[in-house]
Protein chains: 2
Amino acid sequence: MPVNLKQLAELLGLSQTTVSRALNGYPEVNAKTRQRVLKAVRETGYRPNRAAQRLATGKAYSIGLVMPIASGIGSDIHFGEFLAGLAEEAVKHDFHFVLNPSAPEDEEATFRRLAASGNVDALFLAHMRANDPRIAILKSLSIPFVVHGRSIGGPKDYPFLDIDNTAAFYDATRLLIQLGHRRIALINGQEHLAFAIRRKKGVTRALKEWGLDLDETLVHHSVMTDEYGYRSMQRFLKQPDPPTAVLCSSTALALGAVRAINQAGLTVGTDISIIAHDDVLPMLKPENFSVPLTTTRSSLRAAGARVASRLIGGILDRGAYPDQELWRAELIVRASTGPASVKNINSRKRV
Amino acid sequence: MPVNLKQLAELLGLSQTTVSRALNGYPEVNAKTRQRVLKAVRETGYRPNRAAQRLATGKAYSIGLVMPIASGIGSDIHFGEFLAGLAEEAVKHDFHFVLNPSAPEDEEATFRRLAASGNVDALFLAHMRANDPRIAILKSLSIPFVVHGRSIGGPKDYPFLDIDNTAAFYDATRLLIQLGHRRIALINGQEHLAFAIRRKKGVTRALKEWGLDLDETLVHHSVMTDEYGYRSMQRFLKQPDPPTAVLCSSTALALGAVRAINQAGLTVGTDISIIAHDDVLPMLKPENFSVPLTTTRSSLRAAGARVASRLIGGILDRGAYPDQELWRAELIVRASTGPASVKNINSRKRV
DNA sequence: GCGCAAATTCAAAGCGCTTTGAGTTTGCTA
DNA sequence: TAGCAAACTCAAAGCGCTTTGAATTTGCGC
């Protein structure tokens, strides 16, 4: 039988008002009194009743999530991982979720309904596309939100958390160039997604700085699964002048690419270099690849947790968070990258 | 500005009591009055305030979900799909989720905390293992729950929704036997999972009925990804007496298996038959395989929705659901299954 | 020691719903 | 037409918290 405010106040010989204020950090409470209250809370294990708080404050203490059910997104491994981070953080603060599976064409209606329902205090948005129309919709909805990722074009002033995809792939490409690679391929995510566009831009930029051009025949866009990584790599290797290095937008793609490379009788790291972006999925660790993978790393789960923090912090008016965050991915060099030597190129040609 | 009960009652010239009762289906309300109330609800768009309901009834109107973060589960595509079904149904009833990411070793504590928190009315459980200890824990916790899947051994009297895995794989195997196959392989899920055990049992049983034995060298257990399907199939094909047919526990596994088959210069459906279990993942449609896949089909999303229905129905005391449900998977024959002819066997041997 | 502002604390009024216990009608029976 | 049970409807009391507006203390300058 949990104690409630009234009992706690009685126990302390204080009024509910004072106890409530002590707990919620109001300044007009004597420091000693607050200490007494806090102690009593610890001893009794008092936890405020969320339903009552919701009723009294009008806050929902929950976060709305629109879960895309379009092919290849909803049940994407990446979504689960991000969600885990989000949930982890939410649970700490006793926040709930309202998960709204929604087809892309219904998304706008879903947002509106959700915002109007009063069931959520804030919304979360992901899978940004170029010129994503959802940002304008959310801005018009007067409900706080945070975007994971960034659109390209359109309004600039909205809260987001993104990683610097351009920089990550610029850095990765630069490393490859420094190692002597000149023909560099890119196995990327779907073409309409903002992160994929930025990553390609990073590659292009680095090449350009060295006076090189990105060969469009060495760029593939697809859903980021093992399977597509394999197919893309296979096609690259069949080209008359195949790449000596390849960048993959996910470890899943890299898994397939590695298989294609091995199957062609080539060795990762010596014959062909490979760098993948690593979302730190527990299923797919780059260090466990037969040839450990050089990666640009940024934890998706951590991003989820951070987004939740910001959303919750905003709702509770606690802590000041930057409105726009751009995380820098780490470039971690492992065995899958090596110099592009003449010998490599020859051995490759022989296949 | 949404209307509340008081305003609605005023509008109707009724008391809040009567309106509330009319809405909640109490019998002591005149049928005509109830119609009037319902009409007014439609016109005003009245929606009861969940926070107030929670406070008044003591119900949380939410469902607890323990999301396993062990390797290869949490961010599993199957989990996302099931979750989508669950969420879809929950949203309809304005139910929330409390997602609790938890490492397997903390699960018990997580259950207890969740049950004690009063934040959820019911719990959901999945990824059943043989002799799964979590069932006993949940039963002791006096909180309603539904299990997706079934344990093997241990208590029998608990609410579950499962598919008849034994029957599904029995049926699939029987079909293969009828087509003349004698050496049948199984690429299964992880060995400790109940569904995998049952599927293997189904295969064994069918073979036994035809006087055949399951060759243990033709059974692999692993995480159900593309990658492992490929590896398993590759190993099977290297055996001195390779299988003429293979059963896969998921379409992801089948994808890998098909690749290995093609790579070996064989053709699915003529040289080697393949049947996969299809969870109806939007990402991976068996009908879109280059050779459309024969499958045992049962929608994971539908299962999620059903579990949510049962959980919610139980909480609201609405509708009577069976406590234990065993869904029958459909066996859908497509082009990936064909007769095992001598010619096939010969051509296979030549490789 | 007095008076006043600042510092604390408090009682009470909601938040919007459910539900108890009591009051009103209605429909029949006698 | 009185009388009574059945059928409806209602006023009011919570649920556990926040917050307003007022009351009480305390601290200081004179």
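Fair warning: this is a prediction, and the values are worked out from it, not measured in the lab. In what follows, chains are A, B, ... by sequence order, proteins preceding strands, each numbered from 1.
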Check every atom of dT18(C), dA11(D), dG16(D) against the side chain of Ser15(B) and return the nucleotide holding the closest atom.
->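 Among the listed nucleotides, the one closest to the side chain of Ser15(B) is dA11(D).
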
Choose from dC10(C), dT19(D), dT19(C) the nucleotide whose nearest atom is closest to any side-chain atom of Ser20(B).
->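 For the Ser20(B) side chain, the nearest candidate turns out to be dT19(C).
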
Quick one: [X] [atom1] to [N] [atom2], roughly how many Å, whole number?
{"X": "Asn49(A)", "N": "dC17(D)", "atom1": "CG", "atom2": "P", "value": "6 Å"}
{"X": "Asn30(B)", "N": "dA6(D)", "atom1": "CG", "atom2": "P", "value": "18 Å"}
{"X": "Leu12(A)", "N": "dT9(C)", "atom1": "CG", "atom2": "P", "value": "11 Å"}
{"X": "Gln16(B)", "N": "dT9(D)", "atom1": "CD", "atom2": "C1'", "value": "13 Å"}
{"X": "Arg34(B)", "N": "dC8(D)", "atom1": "CZ", "atom2": "P", "value": "10 Å"}
{"X": "Glu28(A)", "N": "dG21(D)", "atom1": "CD", "atom2": "P", "value": "14 Å"}
{"X": "Tyr46(B)", "N": "dT18(C)", "atom1": "OH", "atom2": "C1'", "value": "10 Å"}
{"X": "Lys6(A)", "N": "dG14(C)", "atom1": "NZ", "atom2": "C1'", "value": "16 Å"}

Verify, without hydrogens or angle tests, whether Asn24(A) (side chain) and Tyr26(A) (backbone) share a donor-acceptor contact under 3.5 angstrom.
->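 Here the side-chain-to-backbone pair does not exist.
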
NZ/Lys139(B): more than 12 non-hydrogen atoms of other groups inside 6.0 Å |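 Yes, the 6.0 Å shell around NZ holds more than 12 heavy atoms from other groups.
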
Is there a donor N/O on one and an acceptor N/O on the other, under 3.5 Å, for the side chain of Thr17(A) and the base of dT19(D)?
->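 In this structure, the two groups form a donor-acceptor pair.
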
For [N], does either OP1 or OP2 sit under 4.0 Å from a side-chain N or O belonging to [X]?
{"X": "Thr18(A)", "N": "dT8(C)", "answer": "no"}
{"X": "Asn4(B)", "N": "dC15(C)", "answer": "no"}
{"X": "Gln53(B)", "N": "dT18(C)", "answer": "yes"}
{"X": "Tyr26(A)", "N": "dT8(C)", "answer": "no"}
{"X": "Thr57(B)", "N": "dC15(D)", "answer": "no"}

Does the ring centre of His148(B) sit less than 6.0 Å away from the ring centre of Phe160(B)?
->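 Distance test on ring centres: not under 6.0 Å, no.
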
Would you say the ring centroid of Phe124(B) lies under 6.0 angstrom from that of Phe97(B)?
->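 That pair fails the under 6.0 Å test.
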
Taking the six-membered ring of Tyr61(A) (Phe, Tyr or Trp), confirm whether the NZ or CZ of Arg50(A) is under 6.0 Å from its centre and within 45° of its axis.
->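 Checked: cation-pi criterion met.
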
Sugar-phosphate, base or nothing in reach of Gly118(B), heavy atoms under 4.0 Å =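 Contact class for Gly118(B): none.
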
